[in-house]
Amino acid sequence: MTANARKTALVTGASSGFGEAIATRMVGQGHKVVLAARRMDRLKGLERGLGADMAHAVAMDVTDRRAVAHAVDALPAAFASIDILVNNAGLALGLAPAQDADADDWDRMIETNCRGVVNVTHAVLPGMVARGEGHVINIGSVAGTYPYVGGNIYGASKAFVRQFSLNLRSDLHGTGLRVTSIEPGLCGGTEFSSIRFKGEEERAASMYKGLDPILPEDIAEAVYWAASQPAHVNVNAIEVMPVAQSFAPLQVHRRDNSI
Ligand code: NDP
Ligand code: 8X3
């Protein structure tokens with residue numbers, strides 16, 4: 001998508017948070033958007049708000065490969081040529097250290113964050129290659145680069161997203177397609193922490209207490225900027241953090257607790 005061209009984007013996880021903000025930003029710039037997620041009531045509300053000529057809601061569980069392929073194949077003609085795929089649907093579950101973690105939580109993060117990105121990409125990529133243009137934008141996380149206690153599988157799943165983005169670029173060499181990995185840090189204004197802490201709202205809110213986190217609109221801006229570069233420019237990765245978030249030193253455990 002160059003700045004003036006009118007394109008069609010498919011945004012997964014458009015029922016909330018980043019996905020909703022990305023879809024809204026895209027439509028605000030005159031692009032059409034396929035809104036994909038599981039909660040159809042929320043997608044329909046967004047579709048109404050953005051206008052049914054510009055936004056089209058599609059029920060999609062990204063973990064279900066066949067359902068994803070069917071949903072992409074069944075898109076109405078006005079929304080069928082996907083120029084930009086934003087693989088945004090994802091989640092973290094729990095913050096327990098690996099030895100105390102829930103195996104079902106791990107499975108669901110892998111299913112959603114890894115397999116989900118793979119399923120949707122696999123369904124959309126052949127059409128982009130056949131048309132000779134397209135842009136895959138994957139939403140990773142700083143957790144895919146920097147470890148933190150309790151980040152275990154969530155961080156590993158986002159490292160998968162990062163490496164998958166790089167490997168896609170290699171495979172797509174010469175096709176004209178673009179691939180970008182967007183890697184946000186702590187972001188407020190989404191359901192992310194509420195889902196991570198399974199409805200423990202006080203704990204979820206405490207993540208953002210006393211600081212200014214980045215906001216979904218900041219990520220929508222990064223996505224839009226990457227997608228708006230001239231066709232010869234590929235933005236490989238963008239890492240965005242709030243000023244209030246940075247890096248802690250490596251930890252050292254001493255037998256005698258002397259320091
Ligand atoms: P939200 O929880 O607000 O949004 C997550 C979205 O993913 C929802 O729209 C949800 O829709 C969708 N989703 C979850 N599971 C599935 C599924 N199986 N199939 C289809 N859609 C699904 O979180 P954010 O907006 O914060 O997160 C968006 C992305 O950004 C995630 O990949 C997250 O890991 C990443 N991220 C978030 C950060 C943050 O601090 N908030 C920082 C860095 C990265 P529905 O339930 O309707 O299916
Ligand atoms: C979520 C960002 O910093 O909460 O992907 O792990 S962080």
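First listed ligand is number 1; within each ligand, the first listed atom is number 1. This structure is a prediction, so every number in the text was calculated from the model and none was measured.
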Practice task
Answer yes or no: is there a side-chain heavy-atom contact under 4.5 Å between Thr8 and Ser81?
Solution key: no
Practice task
Return a yes/no value for Arg196: is any of its N or O atoms, backbone included, closer than 3.5 angstrom to an N or O of ligand 2?
Solution key: no
Practice task
Just jot down the ligand 1 atoms closer than 4.0 angstrom to any heavy atom of Tyr154, in number order.
Solution key: 33 (C), 34 (O), 35 (C), 36 (N), 44 (C)
Exercise for the section: Give a yes or no answer on whether the side chain of Lys7 reaches the backbone of Ile84 with a donor-acceptor pair at less than 3.5 Å. Expected result: no
Handout entry: Pair Arg108 + Glu111, salt bridge at N-O below 4.0 Å
Key = no
Fill in the blank from the handout: Out of Gly90, Ser16, Ser157, Ala59, the nearest non-hydrogen contact to atom 5 (C) of ligand 1 is supplied by Gly90
Practice task
Can you spot which of Ile137, Leu125, Val124 makes a side-chain contact (heavy atoms from CB on, under 4.5 Å) with Leu85?
Solution key: Val124
Exercise for the section: Report the part of Thr112 (side chain from C-beta onward, or backbone N, CA, C, O) that has a heavy atom under 4.0 Å from ligand 1; answer both or neither where that applies. Expected result: side chain
Exercise for the section: Determine yes or no for a side-chain-to-main-chain donor-acceptor pair under 3.5 angstrom, with Arg6 supplying the side chain and His31 the backbone. Expected result: no
Completion exercise
So for Asn113 against ligand 1, with non-hydrogen atoms under 4.0 Å, the contacting part is neither
Problem - Min heavy-atom dist Lys158 to ligand 1 below 4.0 Å - result: yes
Fill in the blank from the handout: A student checking ligand 1 against Gly17 at a 4.0 Å heavy-atom cut-off should list atoms 3 (O), 25 (O)
Practice task
For Ile195, counting its heavy atoms only, list the atoms of ligand 1 lying under 4.0 Å from any of them.
Solution key: 2 (O)
Handout entry: ligand 1 versus Met60: contacting region, heavy-atom distance under 4.0 Å
Key = backbone
Fill in the blank from the handout: atom 18 (N) of ligand 1: closest protein heavy atom, distance to 0.1 Å, is Asp61 OD1, 2.9 Å
Practice task
Would you mind finding which of Ser15, Ala36, Ser141 brings a heavy atom closest to atom 11 (O) of ligand 1?
Solution key: Ser15
Exercise for the section: Could you tell me whether the side chain of Asn113 and the main chain of Leu91 form a donor-acceptor pair under 3.5 Å? Expected result: yes
Handout entry: Side-chain donor or acceptor of Asp218 paired with backbone N/O of Leu215 under 3.5 Å
Key = yes
Handout entry: Interfacing atoms of ligand 1 (cut-off 4.0 Å, heavy-atom, Gly185)
Key = 40 (O), 42 (C)
Exercise for the section: For Thr12 and Ala89, indicate whether the former's side chain and the latter's backbone hold a donor-acceptor pair under 3.5 Å. Expected result: yes
Practice task
Using distance alone, determine whether Phe18 and ligand 1 share an N or O pair under 3.5 Å.
Solution key: yes
Practice task
For the pair Gln29 (side chain) and Arg25 (backbone), establish whether a donor and an acceptor sit closer than 3.5 Å, ignoring hydrogens and angles.
Solution key: no
Problem - Gly140: numbered ligand 1 atoms lying under 4.0 Å from its heavy atoms - result: 43 (C), 44 (C)
Exercise for the section: Give a yes or no on whether the backbone of Ile139 and the side-chain of Lys158 come within a donor-acceptor separation of less than 3.5 Å. Expected result: yes
Problem - Taking atom 26 (O) of ligand 1 as the reference point, the nearest protein heavy atom with its distance - result: Thr190 OG1, 2.7 Å
Handout entry: Pair Gln245-Tyr146, side-chain donor/acceptor within less than 3.5 Å
Key = no
Problem - For atom 39 (C) of ligand 1, the protein heavy atom that lies nearest, with its residue and separation - result: Cys187 CB, 3.7 Å
Handout entry: ligand 2 contacted by Gln245 (non-hydrogen, < 4.0 Å)
Key = yes
Problem - Identity of the nearest option to atom 15 (N) of ligand 1, non-hydrogen atoms only, from Glu183, Arg38, Met109 - result: Arg38
Practice task
Could you name the option among Leu186, Asn113, Val142 that has the heavy atom nearest to atom 4 (O) of ligand 2?
Solution key: Leu186
